[in-house]
Amino acid sequence: MKKTKRILAMIGVLLLVLLYLSTLVFALLGKDFMNWLMASVGATLILPVLIWAYGFVARMLKGNGEENDAKQ
């Protein structure tokens, strides 16, 4: 489970870095970068929540292992 969390976190970080870099490129080129900036800020808020929700649902479906310990 820890490995999955680390992989998801790294993917999230990579996506955020790419979004901010694309915003910077559009700003330097003089294009309309405001939409990219808003997408980057929105993703900064939403991606961590989605990653947390994935982990939470996975824990609920799999169980924490506490029930197995109590039965033995």
Side-chain angles (χ1 to χ4, degrees):
M1 187 67 173
K2 286 186 179 184
K3 188 174 184 179
T4 305
K5 284 183 182 180
R6 287 182 184 181
I7 292 171
L8 286 174
M10 290 305 293
I11 290 171
V13 168
L14 182 64
L15 286 173
L16 290 175
V17 167
L18 289 174
L19 273 172
Y20 280 107
L21 283 177
S22 63
T23 302
L24 180 64
V25 168
F26 279 118
L28 292 174
L29 292 176
K31 306 270 184 181
D32 183 27
F33 67 95
M34 207 56 170
N35 290 335
W36 283 96
L37 180 63
M38 296 309 272
S40 299
V41 171
T44 301
L45 299 173
I46 293 172
L47 275 175
V49 172
L50 288 176
I51 291 170
W52 174 85
Y54 170 77
F56 181 75
V57 170
R59 259 182 302 171
M60 288 295 143
L61 292 176
K62 185 178 178 184
N64 289 335
E66 296 170 359
E67 296 171 357
N68 294 335
D69 292 339
K71 290 180 183 178
Q72 294 177 354

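Computed over heavy atoms, backbone and side chain alike; hydrogens, waters and symmetry mates excluded. Computed from a predicted model, the values in this text were never measured in an experiment.
Partners of Ser22 under the side chain to side chain donor-acceptor pair (under 3.5 Å) rule, at least two apart in sequence or in another chain, do not exist in this structure. Checked against side-chain contact (heavy atoms from CB on, under 4.5 Å), Met38 has no partners two or more places apart in sequence or in another chain. Leu29 pairs by the side-chain contact (heavy atoms from CB on, under 4.5 Å) definition with Val25, Lys31, not counting sequence neighbours.
Under the side-chain hydrogen bond (donor to acceptor under 3.5 Å, both in side chains) criterion, the residue pairs touching residues 40-51 are Tyr20-Thr44, Thr23-Ser40, with sequence neighbours excluded.
Neither Leu28 nor Met34 shares a network with the other; the hydrophobic side chains, linked directly or stepwise wherever heavy atoms of I, L, V, M, F, W or Y lie under 4.5 Å apart, form separate groups for each.
Applying the under-4.5 Å side-chain rule to Ile, Leu, Val, Met, Phe, Trp and Tyr, the cluster around Val17 extends to Val13, Leu21. Listed by chain and number, the hydrophobic cluster partners of Ile11 are Ile7, Leu15, Leu16, Leu47, where partners are ILVMFWY side chains within reach of under 4.5 Å, directly or through others.
Counting all heavy atoms, side chain and backbone alike, Ala43 lies closest to Pro48 at O-CD, 3.8 Å.
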